[in-house]
Each structure stands twice: as structure tokens, then as C-alpha cells.
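So the structure is just underneath, and the comments pick up after that.
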Amino acid sequence: MTKPAQSGLSIPDMALTINGEPAPTLARYPVENPASGATFVSVPDATEAQLGAAVAASKAAFPVWSSRTWGDRRAMLLAFCDAVEAKIDDVARLVAMEVGKPLAKARAEVSGGLFFARGFAKLELQPETLRDTDTQLVRVERRPIGVVGAITAWNYPALLAMWKIAPAVLTGNCLVLKPAPSTPLATLRLGEIGRGIFPKGVLNVLSGGDNLGRWMTEHSAIGKISFTGSVATGKAIMAAAAPTLKRLTLELGGNDAAIVLDDFDIDAQATDLFWSAFSNNGQVCACAKRIYVPKSMIDALGEKFAAIAKAVKVGRWDAGEAEIGPLQNRKQFDRVSELVREAETHARPFFKGAVPEGGYFSPITLFMDLPDEAQLVTEDQFGPDVALMRYGAVDTAIDKAINTPYGLGAS
């Protein structure tokens with residue numbers, strides 16, 4: 001059985017991966033095509049009992065898996081990478097369809113995930129001796145935790161999945177992996193590929209909604225949660241994990257302030273700066289989201305940015321020349337639209353691009369000299385919009401750059 005997909009393609013039914021096997025689908029939920037806003041496929045919606053089965057499988061597999069040598073685990077991780085690479089076109093197509101990004105960008109995402117996973121495979125955690133005397137030996141030895149719950153974001157589903165799979169299994173942990181509800185396809189496919197590589201229970205992949213994430217953070221047998229996503233959800237996970245004292249790795253949002261210095265070469269460097277803000281349609285946690293520019297350069301840089309933006313091709317993932325696609329989901333589209341409308345109450349954009357009709361396409365929008373309190377300046381907008389902000393003294397730009405509740409990055 002297949003489910004219809006955009007552009008006349010079809011997607012074979014996908015199953016959850018539990019204990020190295022496809023699990024029965026007891027319920028489904030719809031996934032939208034970002035380029036149209038219409039449902040284009042449905043996927044399994046994991047039940048709480050199925051989460052319990054996945055955790056039990058991981059817990060049962062952990063003693064043997066953690067006792068295997070680093071070399072054994074490394075070999076299986078690299079075999080998994082090779083198997084994913086053999087199906088890279090298939091995985092990339094799923095990324096493109098569910099995220100909406102152009103196919104070439106989706107393929108680059110999967111390649112990037114493989115690059116990092118193979119890089120992780122080169123590492124090995126050695127004991128660290130802190131003190132060694134005639135009377136004392138103090139040594140740090142790191143041991144695997146057990147069952148790790150991993151929850152990924154929708155902007156880079158394959159890359160983030162590989163970032164979580166590789167270090168977890170390499171260090172001897174077993175994994176229950178949940179993709180974002182709106183981008184489950186590529187991650188489910190990675191689970192299918194892993195069935196033929198890893199021992200049963202080492203890699204479990206479950207798709208589902210917010211309930212599944214909550215069940216994971218509350219589950220007493222999951223020893224760690226690794227989450228990539230919004231600040232608000234990160235706070236909720238931290239609170240939910242407290243009763244069981246889970247270890248946490250939270251990689252959350254940012255509001256990267258890029259400061260342009262007076263030796264910046266506009267002709268040579270403006271394109272790189274532009275794409276630091278608009279890569280993946282601005283849906284990157286560490287994108288440049290507010291750009292502070294010397295007052296003597298801001299008009300020239302704005303003119304260059306407008307020329308670059310005008311040439312950017314926006315379209316569906318399967319439009320061969322597209323460089324940017326739609327925003328990934330309705331909620332994000334509505335949020336970006338609201339932030340732009342609020343910014344327009346302060347200043348007119350000096351550039352606003354054209355987009356295809358339908359779906360969640362959001363135009364590239366460039367502002368200049370928004371007030372510091374404008375939401376497009378203060379928030380993590382996660383869309384194709386940026387403000388150029390003029391400054392006189394660089395110390396002033398630095399003060400404004402660090403005046404934010406966000407951490408993560410600056411440029």
C-alpha cells in the first residue's frame with residue numbers, strides 16, 4: 001500500500017521501528033506538504049504502550065550493547081552510515097518533500113549528517129587521570145547511561161537524527177528517537193535502514209505528536225533526553241524531566257547578532273553574509289537574525305542585499321532552480337507573518353520578494369533601522385526576514401548584540 005505524494009510520487013507505508021522490527025500501526029496522523037498546505041501522507045502515531053515496548057527493548061539490549069568494544073560499535077555505526085549513503089537519494093527526497101527545501105539542499109543535509117556521524121565514529125572517550133600519587137589515584141571514567149530519548153526539530157530532520165544516533169550508539173547507549181511531528185518521513189526511513197545493522201533494541205524510531213514527547217520525558221526508564229527545538233519546549237522538557245532527575249542536552253533557539261566591521265568588503269563578502277541569514281529559508285537556530293552595520297556602510301550593504309534577494313529563486317522542492325522553499329509548517333508561517341506585520345508598524349521594508357501562490361511560502365523581507373524593541377529584532381524569527389541596524393561605535397553594537405535572553409551564537 002502507498003500513500004499519495006506530491007509530483008506524482010508515492011511513498012511506501014512506513015512503520016515504527018521497535019526492537020529491530022517494524023511495529024504494527026495502531027493509529028495514524030496526517031503530514032502536510034509545506035508547498036501546498038494539504039495532507040500528502042499519513043504516518044504511524046505511536047501509542048504510550050508502543051513507547052513502553054521501545055524503552056523495554058532498549059533496556060534489554062543495553063547490557064550486551066554497552067559491553068561491546070568501541071571497535072565493534074564503531075564498525076556498526078560506520079556500516080549504518082554506508083547503508084544510509086547507499087539510499088541517499090531516497091532519504092533526501094523524503095527530506096525535501098516533508099521540509100519543503102530544494103532537493104539539492106536536502107541531499108546536502110543527508111550528506112552533512114553522514115559527515116558528522118563518521119566524524120563521531122573516529123572518537124573514543126579515554127579515561128582521564130586527575131591525580132596519581134603514591135597514596136591517591138583519581139580517575140574519570142565515562143560510562144553509558146542506558147536508554148536515551150532523542151527528540152529532533154523539523155528544520156533538519158535527517159541531519160539532527162544522525163547527530164543523535166551516532167554519539168548515542170557509539171558510546172554504548174540505546175536510543176528511542178522521535179522526529180518532529182511534521183517531519184517524520186526521513187527519520188522513519190533511517191529507522192528502517194538501521195534494522196539491518198544494529199542489534200535489536202539499540203535503535204528504536206517512533207513518530208507521533210506532542211503526547212509522545214511528553215511520555216518520553218516522563219518515562220522513568222529513560223535516563224537522558226537529548227532535544228533540539230524551541231526554548232519554550234526546552235523549558236517544558238526540563239520541568240517534566242525533573243521528577244526522574246534525567247540528564248538533559250537541550251539545543252534551543254537563538255537570536256544571532258552579526259556585527260559588520262568597517263573593513264568588511266561588500267562586493268566580496270555580502271553574498272556570504274546574506275546566506276548566513278537566509279540559509280534554509282532562515283530556519284536555522286544560528287542564522288544571522290539581526291545585522292549591525294556601520295552607519296557609513298549600511299545604505300550600500302542594503303542595496304547589495306536587495307540585489308541578491310531579487311535574484312533568489314523561490315519554489316517547490318522539485319523545481320530544479322529553486323534555492324529556497326516554503327516555511328515548513330502553518331504555525332511557523334503564521335508566526336513569521338505576525339513578526340513581519342509588527343515590524344511594518346515601525347518601518348516599511350526596503351525589499352519584499354515575490355513567492356509562489358499557496359502553501360507556506362514567505363517572501364524574503366529586508367528592513368533597515370527597526371527600533372531595538374521590534375519583535376523581529378528581539379525574537380528568534382526563524383524565517384526569511386532580517387533587519388540591518390546602523391551603529392556608530394562598535395562598542396554600541398556589541399552592547400546591543402548581547403542584550404538578549406538568547407545564547408547560542410553571534411557572528
Side-chain angles (χ1 to χ4, degrees), residues 5-7 30-41 94-106 108-109 152-160 179-186 209-210 228-233 252-256 274-290 309 312-319 321-344 349 351-367 375-377 379-387:
Q6 59 196 63
S7 290
V31 177
E32 291 183 349
N33 169 7
S36 68
T39 296
F40 77 106
V41 69
L94 294 174
V95 171
M97 286 192 288
E98 63 186 351
V99 182
K101 65 180 64 179
L103 184 58
K105 307 284 187 182
E109 175 186 333
T152 61
W154 43 257
N155 56 337
Y156 284 95
L159 175 69
L160 293 172
S182 59
T183 54
L185 302 177
D210 293 340
T228 302
S230 71
V231 170
T233 304
L252 308 177
N255 187 355
D256 188 322
F274 178 90
W275 284 108
S276 78
F278 291 97
S279 176
N280 201 41
N281 208 12
Q283 299 172 117
V284 182
C285 56
C287 261
K289 289 167 182 169
R290 49 200 169 110
V312 173
K313 295 178 174 60
V314 182
R316 290 164 51 107
W317 68 270
D318 52 355
E321 296 183 344
E323 298 169 277
I324 283 179
L327 294 174
Q328 198 283 315
N329 57 77
R330 164 64 71 179
K331 182 178 179 181
Q332 188 60 25
F333 176 82
D334 289 344
R335 171 172 169 75
V336 170
S337 300
E338 179 183 349
L339 291 175
V340 171
R341 284 193 297 270
E342 196 272 343
E344 288 175 333
F351 177 87
K352 195 163 191 174
V355 293
E357 293 184 1
Y360 305 135
F361 289 97
S362 182
I364 295 175
T365 309
L366 304 175
F367 289 90
Q375 292 178 14
L376 201 67
V377 177
E379 298 296 323
D380 174 11
Q381 68 265 38
F382 232 63
D385 319 283
V386 77

Please enumerate all residues that pass salt bridge (Lys or Arg N to Asp or Glu O under 4.0 Å) together with [X], with sequence neighbours excluded.
{"X": "Glu323", "answer": "none"}
{"X": "Glu344", "answer": "Lys352"}
{"X": "Asp256", "answer": "none"}

Using the side-chain hydrogen bond (donor to acceptor under 3.5 Å, both in side chains) criterion, which residues pair with [X]? Sequence neighbours excluded.
{"X": "Gln332", "answer": "none"}
{"X": "Thr233", "answer": "Ser230"}
{"X": "Glu109", "answer": "Lys101"}
{"X": "Arg330", "answer": "Asp334"}

Closest approach of [X] and [Y], non-hydrogen atoms and distance?
{"X": "Ala180", "Y": "Ala153", "result": "CB-C, 3.8 Å"}
{"X": "Gly325", "Y": "Pro102", "result": "N-CD, 4.0 Å"}
{"X": "Val284", "Y": "Ser279", "result": "CG2-O, 3.5 Å"}
{"X": "Cys287", "Y": "Ala277", "result": "SG-O, 3.5 Å"}
{"X": "Pro349", "Y": "Thr365", "result": "CB-CG2, 3.6 Å"}

Any non-hydrogen side-chain atom of [X] less than 4.5 Å from a side-chain atom of [Y]?
{"X": "Pro384", "Y": "Asn281", "result": "yes"}
{"X": "Val231", "Y": "Asp380", "result": "no"}
{"X": "Pro184", "Y": "Glu98", "result": "yes"}
{"X": "Asn155", "Y": "Val99", "result": "no"}
{"X": "Leu339", "Y": "Phe382", "result": "no"}

With side chain to side chain contact (heavy atoms under 4.5 Å, CB included) as the criterion, how do Val312 and Trp275 come out once you've worked through the C-alpha distance, each side chain's angles and the decisive distance to 0.1 Å?
CA-CA 10 Å; Val312 173; Trp275 284 108; 3.8 Å; yes

Report the distance from atom CD of Gln375 to atom CZ of Arg335, rounding to the nearest 0.5 Å.
8.0 Å

Separation between OG (Ser362) and CD (Gln283), nearest 0.5 Å, reads 9.0 Å

Distance-only, no hydrogens or angles: does the Asn33 side chain make a donor-acceptor pair with backbone N or O of Ala38 under 3.5 Å?
no

Return yes if some donor-acceptor pair links the side-chain N/O of Asn329 with the main-chain N/O of Pro34 below 3.5 Å, else return no.
no

Can a donor-acceptor pair be found between the side chains of Thr183 and Gln328 at a distance below 3.5 Å?
no

Just to verify, what does [X] make a side-chain contact (heavy atoms from CB on, under 4.5 Å) with, not counting sequence neighbours?
{"X": "Glu338", "value": "Arg341"}
{"X": "Val355", "value": "Val314, Phe361, Pro363"}
{"X": "Ala343", "value": "Phe367, Leu370, Leu376"}

Can you name the ring pair (Phe, Tyr, Trp, His ring centres under 6.0 Å) partners of Phe274, sequence neighbours left out?
Phe278, Phe305

Hey, does the Lys NZ or Arg CZ of Lys331 hover above the aromatic six-ring of Trp154, less than 6.0 Å from the centre and inside 45° of the axis?
no

